[in-house]
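Everything on this sheet refers to the single structure shown next.
As the structure is a computational prediction, the values presented were derived from the model and not from experiment. Computation of the quantities below employed the complete heavy-atom set of this structure, encompassing side-chain atoms and omitting hydrogens, waters and symmetry-equivalent molecules.
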Amino acid sequence: MNILEQLNTPDDLKLLLPKQLLQLAEEIRSLIIDTVSKNGGHLAPSLGTVELTIALYKIFDFPTDKLVWDVGHQAYTHKILSGRRDQFSTLRQKGGLTGFPKRSESPYDAFGVGHASTSISAALGMAAARDIDGGRFKVIAVIGDGAMSGGEAFEALNNVGALKKDMLIILNDNEMSISKNVGALSSYFSQIRTNPEYTRVKKDIGSLIARLPKVGQTFYKTAEILKDSVKNAFIAGGLFEEMGISYIGPVDGNNLPNLITILQRIKNIHGPVMLHILTKKGKGYPPAEKHPDKFHGIGRFNIETGQSVSKPSSIPTYTQIFSNTLLKIASDDKDIVAITAAMPGGTGLSAFARQYPERFFDVGIAEEHALTMAAGLASAGKKPVVALYSTFAQRGYDQILHDICLQNLPVTICLDRAGLVGEDGPTHHGVFDYSFLRNIPGITLMAPQDENELQHMLYTAIEHNGPIVLRYPRGQACGIPMDISLHHLPIGFGKILSDSGEYAIIAIGSMVCPALKAAEILRSDNILCSVINARFIKPLDKALLITLAQTKKHLITVEENVLAGGFGSAVLEVLSQNNISPGKITCLGLPDKFIPQGPRDELLRDYGLTAGGIAKTIKNLVNHQHN
């Protein structure tokens with residue numbers, strides 16, 4: 001009998017016997033593997049937390065009790081057990097279940113997530129609200145050891161220790177975030193993991209104290225000091241206990257019966273408690289266990305072999321072009337250093353790390369620190385290149401503004417996955433960077449039309465004496481020939497790619513190639529358009545823009561960014577400052593809303609940002625003007 005198919009509500013799970021729960025874990029694993037093999041997704045993290053999630057649903061009463069996941073890519077079992085089993089086949093599909101917890105999707109999703117290190121802060125807020133209202137529900141935060149490298153997690157822990165709210169923090173320790181964890185905190189957890197004596201001695205000391213006769217408060221305090229001394233000796237200072245948080249563990253997070261017993265005992269402990277569990281990332285699927293980084297986030301794959309079913313392409317990705325170009329430049333310039341925030345593979349810096357280990361810094365999930373460290377390196381004469389995903393750079397805004405730009409330091413910030421990223425959805429779309437960066441004084445912001453321009457822009461950025469941002473999209477480049485020699489691009493100047501007709505398409509970055517194709521489509525309808533590669537969002541080529549506005553009947557800007565405060569807004573500002581009617585310009589881009597998940601090409605089509613969409617908009621514009 002398939003147990004999973006019999007579970008209609010979380011209450012049904014509470015009736016299962018221990019043997020049935022073990023079978024349920026295997027059935028859930030099979031469903032997750034099967035679904036992700038077809039849809040892509042975060043496989044290894046969710047396979048590691050199957051037992052934990054079942055145990056939590058066995059002991060606690062969700063959604064009355066609140067379960068807050070950190071990042072959320074390990075929450076597939078949670079989705080399955082919370083009434084979304086029959087929808088699980090739509091995971092990460094357009095119009096289907098999201099890949100992360102989302103409050104509007106289910107009352108069981110207590111807090112929407114997608115970025116790291118937020119769970120403890122959110123859970124503490126819920127616990128504080130509960131106490132204000134006189135509530136009695138439980139609050140549980142699940143955070144991975146990788147997310148614990150983020151500063152917000154420790155800001156929250158500091159406050160948890162001070163407020164002493166009843167809440168449970170589960171530290172899911174799998175020795176991985178996306179790539180291998182780094183830093184002193186990772187070493188700290190390793191000391192705990194590799195010290196089997198700690199748990200035994202702590203238990204023995206506790207039992208000894210429990211058996212001693214009560215001889216007064218003084219002896220009790222002495223016994224507590226004795227217990228804490230042993231504990232601190234084995235936990236490198238008892239970090240969490242020193243913060244005022246009761247620490248339990250480490251325990252096997254994939255041992256379901258034991259985990260249920262421990263959670264039952266912890267459930268009614270007052271004050272903040274941290275349960276440290278050890279889990280196996282990718283557990284139950286050998287390819288994912290062997291290569292957890294590869295299966296952290298993966299596209300469609302063959303279950304039998306673990307191999308991707310995507311057709312290989314001879315066209316490199318923008319990330320690969322960035323990686324190769326940086327290696328090329330760094331071979332001639334020993335002052336170049338590279339920094340990333342727990343994403344050496346995703347950002348293309350793994351090759352740099354192997355070739356120049358002394359010049360590479362992976363700071364963990366800590367974008368703020370990465371950027372200020374880069375500022376420090378730049379102030380000391382180095383040429384730091386910080387590689388981040390656009391969506392994660394949002395967390396370092398103050399550091400970009402205050403630590404880098406205010407001091408006019410030569411830091412190169414490379415934003416990968418800029419624009420729509422597809423199935424990861426609104427938490428990961430990098431569609432705001434034009435808007436939140438271009439208002440900063442002194443910053444240079446640019447985007448290449450293709451891979452060849454990317455390599456020249458990177459070269460230009462590294463040699464630029466000031467803060468500069470280079471943003472490029474996810475996925476394959478355009479497949480054009482690459483120049484052998486690198487050269488500087490004049491900063492603040494666009495490039496006219498074609499000059500004909502009464503209309504001009506001014507495109508930036510990933511929208512240049514579709515703009516060129518749109519012009520070809522329109523030519524067949526006898527509508528002639530000039531195409532301009534703007535290259536720079538800041539500084540804009542004001543002289544070119546004014547000339548175009550004075551000589552063309554209408555201008556159309558195109559960007560893969562939200563229109564609010566983006567590239568088109570910047571062009572409108574220039575025209576307004578020069579008394580040119582805003583009626584001469586149409587801005588194409590993304591609307592003032594969070595864009596849902598879906599294949600990138602479909603999303604671009606939905607919002608009119610394909611060659612066909614751009615051509616259709618201009619054709620409608622022309623017809624309207626003629627009428």
Let me see the working for Tyr459 and His488 under ring-ring contact (aromatic ring centres under 6.0 Å, His included), right down to the final yes or no. CA-CA 7 Å; Tyr459 181 68; His488 290 272; 4.7 Å; yes
Pair Val386, Leu371 - check side-chain contact (heavy atoms from CB on, under 4.5 Å), show working. CA-CA 7 Å; Val386 185; Leu371 289 159; 4.1 Å; yes
Could you tell me if the side chain of [Y] sits less than 4.5 Å from the side chain of [X], heavy atoms only?
X	Y	value
Lys383	Thr412	no
Tyr607	Ile595	yes
Met511	Leu604	yes
Lys584	Leu575	no
Leu486	Leu458	no
Glu423	Pro599	yes
Val558	Ile614	yes
Lys552	Ser530	yes

Reported [atom1]-to-[atom2] distance for the pair [X] and [Y], which is rounded to 0.5 angstrom:
X	Y	atom1	atom2	answer
His429	Leu590	NE2	CG	8.5 Å
Leu401	Ile440	CG	CD1	4.5 Å
Lys619	Asn623	NZ	CG	7.0 Å
Ser510	Leu609	OG	CG	8.5 Å
Cys478	Asn452	SG	CG	10.5 Å
Tyr472	Cys414	OH	SG	4.5 Å

Are the side chain of [X] and the backbone N or O of [Y] linked by a donor-acceptor pair below 3.5 Å?
X	Y	value
Asp450	Gly479	no
Thr610	Asp601	no
Asp541	Gly494	yes
Gln355	Ala351	no
Glu559	Phe567	yes
Ser323	Gln320	no
Glu451	Ile480	yes
Ser331	Lys328	yes
Thr460	Leu489	yes
Gln399	Ile404	no

Can you name the nearest heavy-atom pair linking [X] to [Y], along with the distance?
X	Y	answer
Ser117	Asp70	N-OD1, 2.5 Å
Leu572	Cys587	CD1-SG, 3.8 Å
Ala341	Asp362	C-OD1, 3.9 Å
Leu603	Pro596	CD1-O, 3.6 Å
Ala447	Gly509	CB-CA, 3.7 Å
Gly566	Arg438	O-NE, 3.2 Å

Begin with the C-alpha distance, continue with both residues' side-chain angles, and end with the deciding distance and a verdict on side chain to side chain donor-acceptor pair (under 3.5 Å) for Thr372 and Asp403. CA-CA 6 Å; Thr372 302; Asp403 300 334; 2.6 Å; yes
Run the numbers on Ile400 and Ile413 for side-chain contact (heavy atoms from CB on, under 4.5 Å), then give the verdict. CA-CA 9 Å; Ile400 295 173; Ile413 303 170; 3.9 Å; yes
Could you go step by step and tell me if Arg84 and Glu105 meet the salt bridge (Lys or Arg N to Asp or Glu O under 4.0 Å) rule? CA-CA 10 Å; Arg84 287 169 276 184; Glu105 184 178 287; 2.7 Å; yes
Passing candidate, side chain to side chain donor-acceptor pair (under 3.5 Å) with Asp424, options Gln597, Arg417, Arg92: Arg92
What is the ring orientation for Phe352 with Tyr356, classed by angle as parallel under 30°, tilted 30 to 60°, or perpendicular over 60°? tilted
Can you classify the ring geometry of His115 versus His428 as parallel (below 30°), tilted (30 to 60°) or perpendicular (above 60°)? perpendicular
Hey, do the aromatic rings of Tyr76 and His42 have their centres closer than 6.0 Å? no
Taking the six-membered ring for Trp, are His73 and His296 closer than 6.0 Å centroid to centroid? yes
What do the steps show when you test Glu453 against Asn533 for side chain to side chain donor-acceptor pair (under 3.5 Å), and what is the final call? CA-CA 11 Å; Glu453 193 163 71; Asn533 172 15; 3.0 Å; yes
Hey, is [atom1] on [X] packed in by over 12 heavy atoms from elsewhere, all under 6.0 Å?
X	atom1	result
Lys553	NZ	yes
Asp333	CG	yes
Lys94	NZ	yes
Arg523	CZ	no

side-chain contact (heavy atoms from CB on, under 4.5 Å), that's the test. Do His554 and Thr586 meet it? Break it down for me. CA-CA 8 Å; His554 205 88; Thr586 297; 2.8 Å; yes
From CA spacing to verdict: side chain to side chain donor-acceptor pair (under 3.5 Å), Tyr503, Gln625: CA-CA 12 Å; Tyr503 299 87; Gln625 290 179 342; 2.6 Å; yes
Passing candidate, side-chain contact (heavy atoms from CB on, under 4.5 Å) with Thr325, options His456, Met457, Gln455: Gln455
Under 6.0 Å from the six-membered ring centre of Tyr434 and within 45° of its axis: does the NZ or CZ of Arg471 meet both? yes
Distance alone, cut at 3.5 Å: any donor-acceptor contact between the side chains of Thr347 and Asp416? no
Salt bridge (Lys or Arg N to Asp or Glu O under 4.0 Å), that's the test. Do Arg103 and Asp109 meet it? Break it down for me. CA-CA 5 Å; Arg103 294 181 70 229; Asp109 291 352; over 6 Å; no
side-chain contact (heavy atoms from CB on, under 4.5 Å) assessment of Thr118 paired with Glu152: CA-CA 7 Å; Thr118 63; Glu152 184 180 356; 3.7 Å; yes
